[in-house]
Amino acid sequence: AGGWTGWAWDGSASLYFFDVASGELIRRIGGLRDAIHALVWAPDGKHLAVGLQGRAGLDVIRLKDGKVIFSDKQYRDKLTDLDFDRTGRLAAASLDGMVRLYDAAFKLVGRRVVAGGDKAVSVRFSPDASLLAVSFIDKPAISVLNARDLNPVFSPVFDAPLPDSVFSVAWSSDMRHLYATGDLPGYKRNSVFRWADGGRGALTRIPAAAARITEIQTLPDQRMVF
């Protein structure tokens, strides 16, 4: 867990590690240079990618000794989301409008301003690691990119009423559907959006919650949790 954790008394942010079975706090790693906005485990289970607020960028922490083994401070705004693919590549979205791609050795492969909006808020690899879906907090838009070179591939089509923001995107585990969540001001129910044909097909709205839906994740059996 991480956030504005430890800032008031330590002047820096901390990561907290809990035992899943007991809930016991078992470890703390401090000294992070801004508040923590995103956390994701590497597929090897040995590294943790940490997205930071402000312009502090990205840190990758090696779990065996708690050391930061890689940092990218070349961000012009808050890092909002992180995702690893099955091969260990890492994608990052930021409110500076860019998506960044790192290889399995945490070397920056490329970065690109993504069309669709000015403030990228969510990024997800497709299950086969060939595509990246990106959503925006300032526009009702999703851009799907080639995960090799970050070139645009297609954009799923929304129908009215349009959401103000698209907070989160995710693929179904069989890649048949692309899901997204957003904010529909003035409506009693916020929907989960689902496109057929991996995002290229028809849109279905699933009324899901009275409150804003800020996150959606894939489960292995083709279900989703939000």
Side-chain angles (χ1 to χ4, degrees), residues 1-75 77-95 99-108 120-127 129 132 167-173 179 181 209 211-226:
W4 288 96
T5 37
W7 200 269
W9 47 266
D10 201 27
S12 62
S14 297
L15 283 168
Y16 293 92
F17 296 82
F18 298 89
D19 180 87
V20 173
S22 69
E24 180 185 0
L25 175 64
I26 56 176
R27 188 179 187 186
R28 180 178 75 90
I29 296 175
L32 295 161
R33 58 190 175 275
D34 212 320
I36 298 162
H37 193 84
L39 292 172
V40 64
W41 291 98
D44 62 11
K46 299 176 182 179
H47 299 89
L48 185 65
V50 184
L52 301 170
Q53 296 196 23
R55 298 185 176 187
L58 170 70
D59 283 348
V60 176
I61 293 175
R62 185 171 55 205
L63 270 297
K64 69 177 182 180
D65 56 10
K67 300 295 185 183
V68 176
I69 62 163
F70 172 78
S71 290
D72 184 353
K73 301 177 184 178
Q74 301 301 311
Y75 282 72
D77 208 332
K78 179 190 300 182
L79 195 161
T80 51
D81 199 20
L82 294 163
D83 193 37
F84 279 102
D85 75 359
R86 61 190 183 188
T87 70
R89 291 186 305 166
L90 175 64
S94 171
L95 294 186
V99 169
R100 291 163 172 84
L101 184 64
Y102 306 85
D103 66 18
F106 306 115
K107 178 183 177 181
L108 180 66
V121 70
S122 178
V123 63
R124 287 290 181 274
F125 281 102
S126 60
L132 275 170
F167 291 110
S168 187
V169 288
W171 309 80
S172 62
S173 56
Y179 289 81
T181 65
R212 174 181 293 166
I213 304 169
T214 58
E215 180 73 15
I216 189 166
Q217 292 282 349
T218 304
L219 298 176
D221 55 2
Q222 301 173 32
R223 294 185 299 162
M224 311 296 292
V225 59
F226 66 85

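Hydrogens, waters and symmetry mates are skipped; everything else that's a heavy atom, side chains included, is used. Index from 1, following the sequence. Because the structure is predicted, anything quoted here is derived from the model rather than measured.
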Exercise. Is R33 salt-bridged to D59, going by a charged N under 4.0 Å from an acidic O?
Worked result: yes

Seminar exercise, completed: Value for CG (D83) from CG (L132), rounded to nearest 0.5 Å, stands at 7.5 Å

Problem set entry | Value rounded to 0.5 Å, distance of NZ in K46 from CD1 in I69 | 11.5 Å

For this session: Please report the closest heavy-atom contact between L82 and G51, naming both atoms and the distance.
Result: CD1-N, 3.5 Å

For this session: List for me each residue that meets side-chain contact (heavy atoms from CB on, under 4.5 Å) alongside L39, sequence neighbours excluded, and say none if there are none.
Result: L15, I36, L48, V50

Exercise. Does V40 reach the side chain of L90, with side-chain heavy atoms less than 4.5 Å apart?
Worked result: yes

Problem set entry | Ionic contact status for D221 with R223, cut-off 4.0 Å | yes

For this session: Check whether any side-chain heavy atom of L95 lies under 4.5 Å from a side-chain heavy atom of L79, and answer yes or no.
Result: no

Exercise. Would you say the side-chain atoms of S71 pair up with the backbone N or O of K73, donor to acceptor, closer than 3.5 Å?
Worked result: no

Problem set entry | Note, Q53 side chain near W4 side chain (heavy atom, < 4.5 Å) | yes

Exercise. Looking only at heavy atoms, which two atoms of A13 and G3 are closest? And how far apart?
Worked result: CB-O, 3.9 Å

Exercise. Shortest non-hydrogen contact from S168 to S122?
Worked result: CA-OG, 3.5 Å

Exercise. Of the non-hydrogen atoms in A170 and T218, which two are nearest, and what is the gap between them?
Worked result: CB-OG1, 3.8 Å

Exercise. For the side chain of D81 and the backbone of A93, is there at least one donor-acceptor N/O pair under 3.5 Å apart?
Worked result: no

Problem set entry | Check: S94 side chain, K78 main-chain N or O, donor-acceptor pair, under 3.5 Å | yes

For this session: Assign the ring pair Y102 / F70 to parallel, tilted or perpendicular, where the plane angle (0 to 90°) is split at 30° and 60°.
Result: perpendicular

Problem set entry | Salt bridge present between D103 and K107 (N-O < 4.0 angstrom) | no

Problem set entry | Validation row: Y16, L25 side chains within 4.5 angstrom (heavy atoms) | yes

Seminar exercise, completed: For T87 and A104 the tightest heavy-atom approach is O-CB, 3.7 Å

Problem set entry | L32 side, atom CG; T5 side, atom OG1 - distance, nearest 0.5 Å | 7.5 Å

For this session: Can you see which heavy atom on G23 is nearest to which on F18, and at what distance?
Result: O-CD2, 3.5 Å

Exercise. Looking at CZ of R89 and CG of L101, how far apart are the two atoms once the value is rounded to the nearest 0.5 Å?
Worked result: 5.5 Å

Exercise. Should H37 and L52 count as side-chain neighbours, where that means a heavy-atom distance under 4.5 Å?
Worked result: no

For this session: Starting at CZ of F125, measure out to CZ of F84 and round the result to the nearest 0.5 Å.
Result: 9.0 Å

Exercise. Does NZ or CZ of R27 come closer than 6.0 Å to the centre of the six-membered ring of F17, within 45° of the ring's axis?
Worked result: yes

Problem set entry | Minimum side-chain heavy-atom gap H47-I61 below 4.5 Å | no

Exercise. Would a 4.5 Å heavy-atom cut-off, applied to side chains only, mark R55 and D77 as touching?
Worked result: no

Problem set entry | Spacing of CD1 belonging to I216 relative to CZ belonging to F226, to within rounding of 0.5 Å | 7.5 Å

For this session: For D10, enumerate each residue passing the salt bridge (charged side-chain N to carboxylate O under 4.0 Å, His left out) test, keeping only those at least two apart in sequence or located in another chain.
Result: R28

For this session: Kindly write out the residues that satisfy side-chain hydrogen bond (donor to acceptor under 3.5 Å, both in side chains) with E215, not counting sequence neighbours, or none if the list is empty.
Result: R124, Q217

